[in-house]
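If you're wondering where the values come from, they're calculated on a predicted model, not measured in any experiment.
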Amino acid sequence: MISNFEIRARAREILGKNIFKGSWLYPVLIVFIIGAINGAVAATYVGPIIVTGILTIASVNYFVSLVRGQITPDAIGATVDGVKKNITATIIAGVLQTVFVTLGTILFIIPGIILAYSFSMVFYVLNDHPEMSAMEALKESMRLMKGHKMQFFCLGLSFIGWSIVGALCLGVGTLWVSVYSSTASAVFYEELVAADRGYFTVSEEAPAEEAREEETL
């Protein structure tokens, strides 16, 4: 697994140096729209629980596809593609994630935080594997994040300074910070998958390579 410094560097490389070019502005637009929808349903009780999962996987599909070079920044439709993959499992995963983390936080704060980071990859998993159920995706996220929760926590922590600077720019700058953070999170997931040879998205050539190595031994 590469360092957080390298993850952030990779994110900046993908987005480009000019923060006023389309490579930044289109993702900023997506972050703004998702934030606006979240804000619109925040006043309801059930709305945020249901909508959060849908909006999260929409964002995840866009940024993961961007990191993988599968789309250009102006491919805003990638957000809709993410939602269409398995909307039922997405909604259920969002509800279960909220329930588990809330219960963990109510009982003891620390377990709630640990659960939050254990489940942090659930929508990335569902995005790559829409055939999975919500519970399967939650379990797979926990497996993937075993031993990596602290690094992901520190990655998020590294954006606090940028968030403060963004807030000083009439709050508008936080949109750019969110884009930077979302891209870095997608890079983190890609590196997480690459480091885990047992994961479903790993090339199927791996077992064959291992077999050849055993034959030579």
Side-chain angles (χ1 to χ4, degrees), residues 2-43 47-48 50-87 90-91 94 120-128 130 151-194 201:
I2 64 175
S3 67
N4 285 343
F5 177 82
E6 293 171 299
I7 289 173
R8 291 193 301 271
R10 175 63 179 146
R12 292 194 300 271
E13 180 184 343
I14 292 167
L15 293 168
K17 296 180 179 180
N18 191 336
I19 64 172
F20 297 108
K21 279 193 172 183
S23 58
W24 277 89
L25 295 181
Y26 281 108
V28 163
L29 176 61
I30 288 173
V31 168
F32 174 77
I33 292 173
I34 288 176
I37 296 174
N38 260 326
V41 301
I50 296 176
V51 175
T52 297
I54 296 174
L55 296 179
T56 302
I57 203 166
S59 175
V60 162
N61 187 63
Y62 176 82
F63 283 102
V64 168
S65 299
L66 192 64
V67 166
R68 291 173 177 171
Q70 296 172 338
I71 62 169
T72 53
D74 61 342
I76 297 177
T79 55
V80 179
D81 294 336
V83 175
K84 291 190 299 183
K85 290 181 178 180
N86 190 339
I87 189 169
T90 297
I91 293 174
S120 60
M121 296 293 120
V122 63
F123 295 107
Y124 291 88
V125 172
L126 274 178
N127 182 63
D128 273 346
Q151 182 178 357
F152 195 50
F153 170 76
C154 291
L155 179 63
L157 204 63
S158 68
F159 290 101
I160 289 181
W162 289 105
S163 297
I164 294 173
V165 173
L168 293 176
C169 301
L170 301 177
V172 178
T174 55
L175 292 173
W176 274 260
V177 179
S178 293
V179 167
Y180 184 16
S181 174
S182 296
T183 306
S185 294
V187 173
F188 179 91
Y189 171 72
E190 284 295 275
E191 293 298 327
L192 197 61
V193 169
T201 52

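- Residues that satisfy the side-chain hydrogen bond (donor to acceptor under 3.5 Å, both in side chains) test with S163, not counting sequence neighbours, are absent from this structure.
- Interatomic distance, CD1 of I34 versus CG of L29, reported as 10.0 Å (0.5 Å rounding).
- Closest of all the heavy-atom pairs between V67 and E190 is CG1-CG, 3.9 Å.
- Legend: residues meeting side-chain hydrogen bond (donor to acceptor under 3.5 Å, both in side chains) with E6, ordered by chain and number and at least two apart, are S3.
- With sequence neighbours excluded, no residue satisfies salt bridge (charged side-chain N to carboxylate O under 4.0 Å, His left out) with E191.
- For S181, the side chain to side chain contact (heavy atoms under 4.5 Å, CB included) partners at least two apart in sequence or on another chain are F159, S185.
- Scanning for side chain to side chain contact (heavy atoms under 4.5 Å, CB included) contacts around E13 gives R10, with sequence neighbours left out.
- Across all their heavy atoms, I7 and A184 have their closest contact at CG2-O, 3.4 Å.
- Atoms CZ and CD1, on F123 and I54 in that order, are 9.5 Å from each other to the nearest 0.5 Å.
- Of all heavy-atom pairs between W24 and G16, the closest is NE1-O, 2.8 Å.
- The ring-ring contact (aromatic ring centres under 6.0 Å, His included) test applied to F32 returns no partner, not counting sequence neighbours.
- Shown here are the side-chain hydrogen bond (donor to acceptor under 3.5 Å, both in side chains) partners of D81, two or more places apart in sequence or in another chain: there are none.
- For residues 155-183, the set of pairs meeting the salt bridge (Lys or Arg N to Asp or Glu O under 4.0 Å) definition, not counting sequence neighbours, is empty.
- How far OH of Y180 is from OG of S158: 7.0 Å, rounded to the nearest 0.5 Å.
- Note that CG of D74 is 7.5 Å distant from CD1 of I76, once rounded to the nearest 0.5 Å.
- Residue pairs that meet the salt bridge (Lys or Arg N to Asp or Glu O under 4.0 Å) test with at least one member in residues 173-188, sequence neighbours left out, do not exist here.
- Between T56 and T52, the shortest heavy-atom distance links the atoms OG1-O, 2.6 Å.
- Under the 4.5 Å side-chain criterion, counting only non-hydrogen atoms from C-beta, T90 is not in contact with V83.
- When all heavy atoms are compared, the tightest approach of S182 to Y124 is O-OH, 4.5 Å.
- Take S23 and apply the side chain to side chain contact (heavy atoms under 4.5 Å, CB included) test, not counting sequence neighbours, and it matches K21, P73.
- Counting heavy atoms from C-beta on, the side chains of I33 and T79 never come closer than 4.5 Å.
- For V28, the side chain to side chain contact (heavy atoms under 4.5 Å, CB included) partners two or more places apart in sequence, or in a different chain, are L175, W176, V179.
- Separating the CE atom in M121 from the CG atom in D128 is a distance of 11.5 Å, to the nearest 0.5 Å.
- Considering only heavy atoms from C-beta on, N4 comes within 4.5 Å of R8 through its side chain.
- Looking at heavy atoms from C-beta onward, I30 lies out of side-chain contact with P27 at the 4.5 angstrom threshold.
- Put simply, the side chain of K85 reaches to within 4.5 Å of the side chain of N61, judged on heavy atoms.
- Remark: Y26 engages no residue in a side-chain hydrogen bond (donor to acceptor under 3.5 Å, both in side chains) (not counting sequence neighbours).
- In this structure, F188 and F152 have tilted ring planes: the angle between them lies in the 30° to 60° band.
- With hydrogens and angles disregarded, a donor-acceptor distance shorter than 3.5 Å links the side chain of Q151 to the backbone of I2.
- No side-chain heavy atom of Y189 sits under 4.5 Å from any side-chain heavy atom of V60.
- Distance check, rounded to the nearest 0.5 Å: CD1 of I87 to CD1 of I57 gives 9.5 Å.
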